Amino acid sequence: MDRPLPSLSQFVLKVHSRCDLACDHCYVYEHADSSWRGRPRAMAEKAMEKTAARIAEHARAHRLSLVQVVLHGGEPLLAGPIRLRKAAEELYGALDGVCALDLRIHTNGVLLNERFCDLFAELAIKVGVSLDGDKASNDRHRRYADGRSSHPQVLRAVDLLNRPAYRRLFAGLLCTIDVENDPLAVYDALVALRPPRIDFLLPHATWDVPPPRPGASATPYADWLGAIYRRWDGTGRPVPVRIFDSVLRTLRGESSLTESLGLAPADLVVIETDGTFEQADSLKTAYDGAPVTGMDVFANSLDEVLEHPGMLARQLGVEQLSDQCRACPVVSSCGGGLYAHRYRTGSGFDNPSVFCPDLMALITSIRDREAAAAAQPAGPLRSGEADDLDELATGFGGADTVGRLASAQLDLNRELLAAVSECAPVGDRAAAAASELLRQLDQDAPHAVDAVLAHPYTRPWALRVLKGWGSGTITAGLAELAAASAMRARSEVTVVVPVSDGLLRLPGIGAVTLGHDSGHAEVAMDVEGFSVRAAGRMLRIAWEEGVDGLTPYWQPVRLVELPGWTVALEDTDPLRDAYEWPVAQRLSAGEAKMWAEDLTEAWSLVQRQLPLYGPGLAAGLRAITPLHSSDGGDVGAASREAFGAVGAVRPGSPDLLALLIIREFQQMKLGAVLDRHDLCAGPLVGLMQEAYAQLAVADFWRVRGLTAEGESARTAQAQCADRRRQAAKAVEELAGSDALTPLGERFVAGMTSRLHAID
């Protein structure tokens with residue numbers, strides 16, 4: 001079978017070869033390889049220049065869209081600000097016009113200060129910090145040579161990175177596992193620091209020097225990680241954890257996020273301070289000289305490095321694994337573990353990982369827990385789910401309950417995105433580049449990606465693609481999502497986005513009107529906004545979310561900021577046509593102002609008179625899409641495929657707008673419930689939606705009848721009685737059918753209870 005040509009896209013640049021700590025688990029100074037002793041302390045400028053040129057040469061030859069470079073050591077901060085600036089400027093200069101650069105530095109944090117952070121902010125260098133948990137756990141290994149603790153200094157570094165001015169630089173925390181430490185104490189201490197990601201690493205070991213296994217358990221590392229996984233999963237997965245996310249991804253057939261799991265070819269090389277090329281640093285654990293290639297930046301290209309037997313062996317996927325690994329049922333997730341951990345004198349790397357039992361136990365336990373969770377809706381509900389379902393059945397749903405519905409919808413959008421990515425045509429470099437950028441942003445700024453993927457019209461796009469509406473839609477949509485995510489992350493990258501009908505779509509952010517001769521646009525982000533280069537012209541746009549544009553070609557999504565609720569007026573997205581009614585064109589400034597004024601009054605009414613609906617509505621309704629009605633009637637619409645948005649024609653009064661929003665929001669909520677739980681047979685879904693919406697409408701008129709006077713009160717009471725009768729008829733028909741599941745019967749019982757409360 002033909003294989004794609006291998007390439008390298010990750011580079012570890014050793015800018016300094018010494019360290020100011022004496023961690024006893026360090027693979028550089030405490031394991032078999034001692035080559036660090038003969039290398040210069042800091043990388044010389046000529047080596048930096050040649051390294052940058054080699055990376056650019058390789059990226060150009062292989063048409064790479066992005067490369068990642070990690071400034072490393074030793075301790076890279078010992079190189080000092082001047083040398084670090086030189087390294088960054090050489091890399092940026094060499095790669096300018098070739099591909100994007102994801103530049104990072106990994107540090108123990110003890111020297112990090114504002115001067116370094118200002119430099120990293122200027123040069124867009126992300127910062128990862130090593131920390132092994134709480135003070136007691138960290139002090140087991142991560143100490144100065146004289147025995148002093150490094151913990152206080154690292155906490156100061158993390159506090160610095162959490163400042164608003166530097167938060168975007170924070171790449172995450174890296175923790176080396178010691179099973180003697182309390183796993184939950186370690187995890188809780190790390191989560192408390194609000195990192196954007198946590199990376200747990202197995203300690204380096206081989207079959208010759210196996211890892212410590214205290215106690216009677218045969219799988220202490222799986223036990224340790226399993227305790228954290230259960231805490232992490234049970235609390236809603238509050239922070240990305242690379243090892244868990246990698247297992248989950250590989251179980252779904254996606255790629256791993258780490259070289260220690262999965263079957264993806266190795267695409268990393270190390271450049272030492274003297275300019276020599278080496279394989280992954282972890283090989284220093286195996287034997288003295290294990291990572292050596294015999295090549296350097298002055299005499300050899302990166303393509304030559306790829307021809308080294310050690311590099312070639314790690315391009316072969318499952319074929320390079322031992323017989324035992326190839327026969328393993330979890331090989332696609334485990335991938336044989338980290339290459340270095342397979343070493344044994346006499347058989348080299350032709351062995352399973354020395355952590356094989358732990359990896360097997362961890363992967364199968366996560367797999368089984370996921371399978372049980374996926375099967376849960378068909379069986380008895382967990383207590384939290386039961387409470388949510390019962391609350392929603394009454395027609396209400398607080399902020400937390402609706403927030404969990406929104407989270408489930410986001411998970412669904414992520415699954416659809418993965419399915420779309422797999423449909424991208426082989427060789428489509430633009431789609432591959434967009435997917436890779438999304439993957440990288442998801443690691444660095446997951447909240448930015450979440451905000452974009454949660455946009456109500458992400459799912460309609462994905463479903464159109466999966467229904468086969470053209471491969472160009474795949475590339476355009478992926479690039480649009482990547483560009484919008486980069487904007488929300490304030491990531492200074494350039495994204496090439498295909499343009500359709502002269503319109504550049506930025507989901508949830510806005511649209512740029514370009515000429516119909518614009519086949520694609522180059523969107524470049526910076527801290528103040530973005531620029532668009534298309535059809536030979538450059539547009540510079542200052543972007544502040546929700547603020548109207550000052551140029552005729554920029555149409556940002558307008559935000560209406562209300563007490564406790566921010567909602568978008570979505571009149572820019574070409575995929576917003578998810579309703580049976582036609583969408584309105586871009587609102588004029590005057591029309592937008594009237595919408596904002598009516599929404600202000602409608603929201604005030606909801607908060608005063610219908611407070612049980614308000615918190616859930618604020619948690620779940622992100623956007624209102626203006627619709628067009630030829631007869632001027634009051635029109636509202638919701639789509640099960642567009643969670644988070646309702647469509648509406650602006651009615652004649654704010655109180656009717658409040659009614660319309662509540663009614664359509666009910667439809668939207670029930671659609672999300674039906675995505676999670678099987679309540680009834682297909683033909684009854686429409687009847688259930690009708691009953692659910694009419695319950696809320698009857699409730700609205702009930703409250704109006706209590707607060708109005710005279711004829712208005714009598715009209716409201718009549719409306720309440722009429723809507724209650726409609727709801728009662730639908731609920732009775734549902735309850736009398738034989739097409740409800742046990743959960744459906746429970747849900748209808750909740751609706752019935754609420755119906756009796758509406759007099």
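Nothing here was measured: the structure is a model prediction, and the numbers come from that model.
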statement: Minimal heavy-atom distance between L302 and R54, with the atoms involved, is CD1-O, 3.5 Å

task: Would you please classify the geometry between the F349 ring and the Y287 ring as parallel, tilted or perpendicular, with 30° and 60° separating the classes?
output: tilted

query: Side chains of Q68 and S9: do they bring a donor and an acceptor to under 3.5 Å?
result: no

- prompt: How far does CG of L91 sit from NZ of K86, to the nearest 0.5 angstrom?
  reply: 10.5 Å

message: I want to check something: taking the side chain as every heavy atom from C-beta on, are V158 and F170 in contact at a cut-off of under 4.5 Å?
response: yes

- prompt: Is the number of heavy atoms from other residues, nucleotides or ligands within 6.0 Å of CZ (R533) greater than 12?
  reply: no

task: To the nearest 0.5 Å, tell me how far L103 CG sits from Y92 OH.
output: 5.0 Å

message: Other residues, nucleotides and ligands only: do more than 12 of their heavy atoms fall within 6.0 Å of CZ on R540?
response: yes

query: In terms of the angle between their ring planes, are F120 and F116 parallel, tilted or perpendicular, with boundaries placed at 30° and 60°?
result: parallel

task: Please round to the nearest 0.5 Å and tell me the distance separating atom CG of D139 and atom CG of D132.
output: 10.0 Å

task: Measure the shortest side-chain to side-chain distance between L71 and L13 over non-hydrogen atoms and say whether it is less than 4.5 angstrom.
output: yes

message: Run the side chain to side chain donor-acceptor pair (under 3.5 Å) test on D274 and T276 for me, step by step, so that the C-alpha distance in whole Å, both residues' side-chain angles and the decisive distance to 0.1 Å come before the verdict.
response: CA-CA 6 Å; D274 58 359; T276 56; 2.8 Å; yes

message: Within this structure, what is the CD-CZ distance for the pair E304 and F277, rounded to the nearest 0.5 Å?
response: 9.0 Å

field: R167 atom CZ, neighbour heavy-atom count above 12 within 6.0 Å
entry: yes

- request: Calculate, to the nearest 0.5 Å, the distance between atoms OG and CG belonging to S7 and L64 respectively.
  value: 5.0 Å

message: Taking salt bridge (charged side-chain N to carboxylate O under 4.0 Å, His left out) as the cut-off, I'd like each qualifying pair that reaches into residues 339-351, sequence neighbours left out, listed once.
response: none

query: Would R197 and D199 pass as an ion pair if we require N to O under 4.0 Å?
result: no

- request: Specify whether H72 and H106 have parallel, tilted or perpendicular ring planes, treating 30° as the upper limit for parallel and 60° as the lower limit for perpendicular.
  value: parallel

query: With the threshold set at 4.0 Å, does a side-chain nitrogen-carboxylate oxygen contact exist between K46 and E49?
result: no

